[in-house]
Amino acid sequence: MNDRMEWKIKRIQQQIKQNIVAAHLGCSSTLISLYENNKGEMSEYRIKQYKQFISNNQNITR
């Protein structure tokens with residue numbers, strides 16, 4: 001399992017929707033989907049933001 005899939009699973013387990021992550025990062029949910037499914041790239045800065053957002057929102061109810 002690659003890093004992207006691990007983070008996608010974490011996001012899903014926490015019930016964080018792609019559109020919520022995208023809004024926080026200032027990008028489209030399509031970009032998040034492409035990145036998580038290994039079909040697109042994001043900048044290192046945006047990847048760091050993506051991971052921080054998921055890590056920091058572990059106990060927030062959606």
Side-chain angles (χ1 to χ4, degrees):
M1 181 180 319
N2 66 30
D3 186 57
R4 293 181 189 199
M5 184 58 67
E6 289 178 27
W7 282 97
K8 178 180 180 179
I9 291 168
K10 288 179 187 183
R11 178 185 61 74
I12 292 168
Q13 287 174 337
Q14 295 172 39
Q15 300 176 347
I16 304 171
K17 296 186 179 203
Q18 287 179 343
N19 63 334
I20 301 298
V21 177
H24 177 76
L25 299 182
C27 66
S28 68
S29 56
T30 301
L31 179 62
I32 301 299
S33 176
L34 290 170
Y35 174 75
E36 289 181 342
N37 292 301
N38 257 348
K39 295 181 180 179
E41 297 298 327
M42 293 195 299
S43 69
E44 289 298 319
Y45 177 74
R46 192 164 269 159
I47 293 168
K48 182 178 177 182
Q49 288 181 310
Y50 166 85
K51 291 177 179 180
Q52 284 178 338
F53 183 77
I54 294 170
S55 294
N56 292 337
N57 289 288
Q58 290 181 0
N59 298 314
I60 295 176
T61 304
R62 305 292 162 291

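Side chains are part of it too, since the values below use all heavy atoms of this structure and drop only hydrogens, waters and symmetry mates.
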K.L.:
For R11, run the side-chain contact (heavy atoms from CB on, under 4.5 Å) check against Q15, K8, Q14 and tell me which one passes.
P.N.:
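It is K8; the other options fail the test.
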
K.L.:
Not counting sequence neighbours, which residues clear salt bridge (Lys or Arg N to Asp or Glu O under 4.0 Å) with R4? List them please.
P.N.:
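R4: salt bridge (Lys or Arg N to Asp or Glu O under 4.0 Å) contacts with E41.
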
K.L.:
Rounded at 0.5 Å granularity, tell me how far OH in Y50 sits from SG in C27.
P.N.:
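These two atoms lie 10.5 Å from each other.
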
K.L.:
Do you know the tightest heavy-atom contact between I32 and Q18?
P.N.:
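Scanning both residues, the minimum pair turns out to be CG2-CG, 3.9 Å.
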
K.L.:
Can you tell me how far OH of Y35 sits from CD1 of I47, rounded to the nearest 0.5 angstrom?
P.N.:
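Taking CD1 in I47 and OH in Y35, the distance rounds to 4.0 Å.
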
K.L.:
Taking all non-hydrogen atoms of both residues into account, name the closest pair between I54 and K10 and its distance.
P.N.:
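It is CG2-CB, 4.1 Å.
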
K.L.:
Determine the minimum heavy-atom distance between S29 and A22, stating which atoms define it.
P.N.:
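So the two residues come closest at N-CB, 3.5 Å.
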
K.L.:
When rounded to the nearest 0.5 angstrom, what is the spacing between NE2 in H24 and CD1 in I16?
P.N.:
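Answer rounded to 0.5 Å: 10.0 Å.
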
K.L.:
With sequence neighbours left out, write down each residue that passes salt bridge (Lys or Arg N to Asp or Glu O under 4.0 Å) with K51, or none if nothing qualifies.
P.N.:
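By the salt bridge (Lys or Arg N to Asp or Glu O under 4.0 Å) rule, K51 matches D3.
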
K.L.:
side-chain contact (heavy atoms from CB on, under 4.5 Å) with K48: which residues, sequence neighbours excluded?
P.N.:
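Q52.
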
K.L.:
Taking all atoms of both residues into account, what is the closest heavy-atom pair of Q49 and L25, and its distance?
P.N.:
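Nearest heavy atoms, Q49 then L25: CB-CD2, 3.2 Å.
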
